[in-house]
Amino acid sequence: MTDELLNKISRDPRYRELVARRSRFAWTLAAIMLAIYFAFILAIAFDPTLLGRPLGGGVATVGIPIGIGIIVAAFLLTGIYVYRANTEFDALTNEIMKDFKK
């Protein structure tokens with residue numbers, strides 16, 4: 001792409017809206033994940049024995065399902081982003097690029 005074409009695309013209001021929406025969504029998901037990690041660290045800081053408590057009568061502790069939950073949350077948030085990127089954001093990108101390929 002030429003610099004002129006890149007400048008035209010970057011001045012397009014639809015492109016600016018796309019960038020703003022995508023950034024807002026990504027930061028929202030990042031904040032959710034950060035809150036999950038922060039809550040985990042706070043639980044360790046203020047109640048260190050919480051995650052070490054036995055779960056039921058076995059050898060598993062409360063920390064195991066919580067740790068798995070954090071990993072699953074990360075995968076889910078990533079999946080949500082990928083789904084929205086592949087549907088909404090890619091469609092908007094293709095619409096913008098279609099106008100500039102003429």
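Start at 1 with the first residue, then count along the sequence. Fair warning: this is a prediction, and the values are worked out from it, not measured in the lab.
Take R84 and apply the salt bridge (Lys or Arg N to Asp or Glu O under 4.0 Å) test, not counting sequence neighbours, and it matches E88.
Criterion: ILVMFWY side-chain heavy atoms under 4.5 Å apart, direct or through other members. Under it, L5 and V19 are part of a common hydrophobic cluster. By the criterion of side-chain heavy atoms lying less than 4.5 angstrom apart, applied directly or through intervening Ile, Leu, Val, Met, Phe, Trp or Tyr residues, L34 is not grouped with F75; the two fall into different hydrophobic clusters. Cluster membership for I44 and I66, using ILVMFWY side-chain heavy atoms within less than 4.5 angstrom, is shared.
In the hydrophobic clustering (ILVMFWY side chains linked at under 4.5 Å, chained through shared members), W27 stands by itself. I68 belongs to a hydrophobic cluster whose other members, connected by ILVMFWY side-chain contacts under 4.5 Å either directly or through intermediates, are I64, V72, L76.
The number of heavy-atom neighbours closer than 6.0 Å to CZ of F89, taken from other residues, nucleotides and ligands shown, is above 12.
Nearest heavy atom pair, residue P54 against residue V62, reads O-CG2, 4.4 Å. Counting all heavy atoms, side chain and backbone alike, P65 lies closest to L55 at CG-CD2, 3.8 Å.
Residues D47 and T49 bring a donor and an acceptor atom of their side chains to less than 3.5 Å of each other.
With hydrogens and angles ignored, the 3.5 Å screen pairs a side-chain donor or acceptor of S10 with a backbone N or O of N7.
Atom CG of D90 and atom CE of M97 lie 12.5 Å apart (nearest 0.5 Å). With values rounded to the nearest 0.5 angstrom, T87 atom OG1 is found 9.5 Å from L92 atom CG. Interatomic distance, T93 OG1 to L18 CG, rounded to the nearest 0.5 Å: 4.5 Å. With values rounded to the nearest 0.5 angstrom, R24 atom CZ is found 12.5 Å from L29 atom CG.
Between R22 and Y81, the closest side-chain pair of non-hydrogen atoms falls below 4.5 Å. Residues M33 and I70 have side chains in contact (heavy-atom distance under 4.5 Å, counting atoms from C-beta outward).
Between D99 and K8 no salt bridge is recorded (no basic side-chain N to carboxylate O distance below 4.0 Å).
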